[in-house]
Amino acid sequence: MSMLTHGLERPLAWAERPVLISEARKAQLKRLALGALTLLSMGSVLTALIALRTAIYVWHLHP
């Protein structure tokens, strides 16, 4: 049997059982995801502002 397909014929037990997450855990994960999204958005805005400022500086450098 190939090493790549070994064990794939068995059903995945973790995929068949229902996921039980408490409401408090769901709220905590939602806050974490929202914080991560906010941080990434702020990073994107900061990067865009730096790029814009650099472009304006270079544009004024070559009249």
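Under the side chain to side chain donor-acceptor pair (under 3.5 Å) criterion, R25 pairs with Q28, sequence neighbours left out. Remark: K30 pairs with no residue by the side chain to side chain contact (heavy atoms under 4.5 Å, CB included) rule, at least two apart or across chains.
Distance CG/L61 to OG1/T54: 12.0 Å, rounded to 0.5 Å. Distance check: L46 CG to S41 OG gives 12.5 Å after rounding to the nearest 0.5 Å.
Here I56 sits in one hydrophobic cluster together with L52; the rule is ILVMFWY side chains under 4.5 Å apart, joined directly or through other members.
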